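Read through the structure below, which is laid out as structure tokens, and then see the notes.
Worth saying up front: this structure is predicted, and the values here are computed from it rather than measured. As a basis for the values below, the full set of heavy atoms in this structure was taken, side chains included, without hydrogen atoms, waters or symmetry mates.
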Amino acid sequence: MTLRTSAATIIREHRSEAGVSQVELAKRLNVSQPLVSAWECGKVIPCIDDLVAIELALKVTKGRILMKVAYPD
């Protein structure tokens, strides 16, 4: 699994588990919904700051998404 597909899968899974739509996540992050979609489709890899912001927006334990992206199974 590449970094791009790993990040896409992890973000999508955590967003879905939190019951948050792409539109809602985009609002929480103050980014566009197409950007969230691009992250989840693997077209764009979010930077570290974006990954941390996603964790906060989804109320995920600090570092959990970041570590999963950096060190996928």
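- You'll find the side chain of Asp50 stays beyond 4.5 Å of the side chain of Leu29, heavy atoms only.
- Under the 4.5 Å side-chain criterion, counting only non-hydrogen atoms from C-beta, Ile10 is in contact with His14.
- No path of Ile, Leu, Val, Met, Phe, Trp and Tyr side chains, each step under 4.5 Å between heavy atoms, connects Ile48 with Met67, placing them in separate hydrophobic clusters.
- In the hydrophobic clustering of ILVMFWY residues, with side-chain heavy atoms under 4.5 Å counting as a link, Val52 and Tyr71 come out apart.
- Rounding to the nearest 0.5 angstrom, the gap separating the NZ atom in Lys62 from the CD atom in Glu55 is 9.5 Å.
- In this structure the side chain of Leu51 reaches within 4.5 angstrom of the side chain of Ile11, judged on heavy atoms.
- Ala8 approaches Gly42 most closely through the heavy-atom pair CB-N, 3.6 Å.
- Between the CG atom in Leu25 and the CZ atom in Arg12 there is a gap of 13.0 Å [rounded to 0.5 Å].
- Once rounded to the nearest 0.5 Å, the distance linking CG of Leu56 with CZ of Arg28 reads 11.5 Å.
- When all heavy atoms of Val31 and Trp39 are compared, the closest pair comes out as CG2-CH2, 4.4 Å.
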